[in-house]
There are 2 protein chains.
Amino acid sequence: MRRIAPDRDGLLAMIGEVFREHGYEGASLALIGEATGLGKGSLYHFFPGGKEEMARAVIAHINGWFEDNVFAPLRDSVDPLAGIGHMFAATDGYFRSGRRVCLIGAFALDDSRDLFADQIRDYFGRWVTHLAEALVRSGHRPDEAGELAEETVAAIQGALTLARAANDLDVFSRALRRLRRRLGLPANI
Amino acid sequence: MRRIAPDRDGLLAMIGEVFREHGYEGASLALIGEATGLGKGSLYHFFPGGKEEMARAVIAHINGWFEDNVFAPLRDSVDPLAGIGHMFAATDGYFRSGRRVCLIGAFALDDSRDLFADQIRDYFGRWVTHLAEALVRSGHRPDEAGELAEETVAAIQGALTLARAANDLDVFSRALRRLRRRLGLPANI
DNA sequence: GGAGTATTGTACCGATTGGTACAATGTGTC
DNA sequence: GACACATTGTACCAATCGGTACAATACTCC
């Protein structure tokens, strides 16, 4: 019996890709087992709560990544524009310039939203809030900053949808470029 | 044996709601049967190709609705701004001010995109193209109009995602209001 | 090396999946 | 009423679903 001993981060990343590509319903335990190289025995050992616990852990994992790589820079950068620039760079990297889709956004659209409503609302809510605060610090009026933040996060989600629908990565790149300009950043980082 | 004789439009609308709420994978024949009041015998009589043919017909049905109620006004209105206003009103109505989600956008995100790639690309492509042409007619430069159209359609998709994630319909209303203003329309229709 | 725990493969479960077959019944037409 | 065709309910199929049970193996620490 070989011992793979996948670290939890790597494991969650692999499971996350399955959910991302197939959705919550479409991600069968067979697919997850295939992607991770683990049988049901192992999967239910690490996630006694089954598929739902896996999804919950994956969402929390993504939430943590955004906390560290997107929200923290937005909150802690001395120069708010630099923090916003960091956000765009991390976002472009995370979604692989449009090749990848937002798992949490996809979950928000169908049935599975009801299962993970709190985590989903938290993810988008924090993104909008932290971006809005950075925009306030960069000189925007609070109400205007709130709308601009909401508009930006929605535009990113919409661009991911449209890029995948059109099968054209440039859709996503163009959207990020427009958003950068509107938020007061130089055209390229 | 009672005879319901649902007209095809009503039938496709009912099936469409199931796909919209549960996604392609999640929409089981049991759910579809329950929603339509039809057994498998009837469903496979009307759609010999099974679930895939049902989904294809539903997407085509939606495509047709948008052709009549969104794209045609964009193309045929003498006043392009009136056509664009018509588009926003129809869009707000169709998505029930954010209560409803875009089935085709949801399909674009997961596995099912590969099954329906042509129809999905067609839907979004026509929307962007027709909006861009109306924007050109209203005075925008062609390249600028293309970007603005793409941005608008993406913003609508993103707003639907965000509204459902936040469980807050105002997110969608605010997005539509901003888009109307940016495209040169009066604040309320 | 032995004890205790972590991990794993396998067999199995009932329920549900999409799909097929087909006879029975409804409906419209002459 | 008789015929043709449209529609439907039911029974059935193999495959897969998520999940459980458990014994066998790996690993860790003494």
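Computed over heavy atoms, backbone and side chain alike; hydrogens, waters and symmetry mates excluded.
Of all nucleotides listed (C/dT8, C/dG19, D/dG18), C/dT8 comes nearest to the side chain of A/Leu38. Of the candidate nucleotides C/dG18, D/dT7, D/dG19, D/dT7 has the atom nearest to the side chain of B/Phe46. Across D/dT20, C/dT17, D/dT7, the shortest atom-to-atom separation from the side chain of B/Ala30 is found for C/dT17. Nearest to the side chain of A/Tyr44, among D/dT20, C/dT7, C/dG19, sits D/dT20. Side-chain proximity of B/Ser28 to the nucleotides C/dG18, D/dG19, D/dT7 is greatest for C/dG18.
Contact of the A/Met87 side chain with the A/Trp127 side chain is registered, since non-hydrogen atoms from C-beta on lie closer than 4.5 Å.
When rounded to the nearest whole Å, the span between CZ of A/Phe47 and C1' of D/dT20 equals 18 Å. Atom-to-atom, NZ of B/Lys40 to P of C/dG18 comes out at 8 Å; the value is rounded to the nearest Å. Atom-to-atom, CG of A/Leu29 to C1' of D/dG19 comes out at 8 Å; the value is rounded to the nearest Å. D/dT16 atom C1' lies 11 Å from atom CG of A/Leu31, rounded to whole Å. Atom pair A/Glu34:CD and D/dG18:C1' shows a separation of 17 Å (rounding to whole Å applied). Whole-Å rounding puts the A/Glu53 CD to D/dG19 P distance at 11 Å. One atom, CD of B/Glu25, and another, C1' of D/dA15, lie 14 Å apart when rounded to the nearest Å. When rounded to the nearest whole Å, the span between NE2 of B/His22 and P of C/dT16 equals 15 Å.
Between A/Phe66 and A/Phe95, the angle of the ring planes lies from 30° to 60°, which puts this pair in the tilted group.
Annotation: cation-pi geometry satisfied between B/Arg100 and B/Tyr94 (NZ/CZ under 6.0 angstrom from ring centroid, within 45° of ring axis).
For B/Lys51 and B/Gly41, each mapped to the nucleotide of DNA chain C holding its nearest heavy atom, the one lying further toward the 5' end belongs to B/Lys51. Comparing B/Leu43 and A/Gly50 by the nucleotide of DNA chain D whose heavy atom lies nearest to each, the residue mapping closer to the 5' end is B/Leu43.
A donor and an acceptor atom, one from each side chain of A/Ser112 and A/Asp110, are located under 3.5 Å apart.
Side-chain nitrogen and oxygen atoms of A/Ser42 include none within less than 4.0 Å of the OP1 or OP2 phosphate oxygen of C/dT7. One finds no side-chain N or O of A/His45 lying less than 4.0 angstrom from the OP1 or OP2 phosphate oxygen of C/dT8.
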For the pair B/Leu12 and B/Phe47, evaluate side chain to side chain contact (heavy atoms under 4.5 Å, CB included) and give the outcome as yes or no after the intermediate values. CA-CA 11 Å; B/Leu12 288 178; B/Phe47 306 97; 3.8 Å; yes
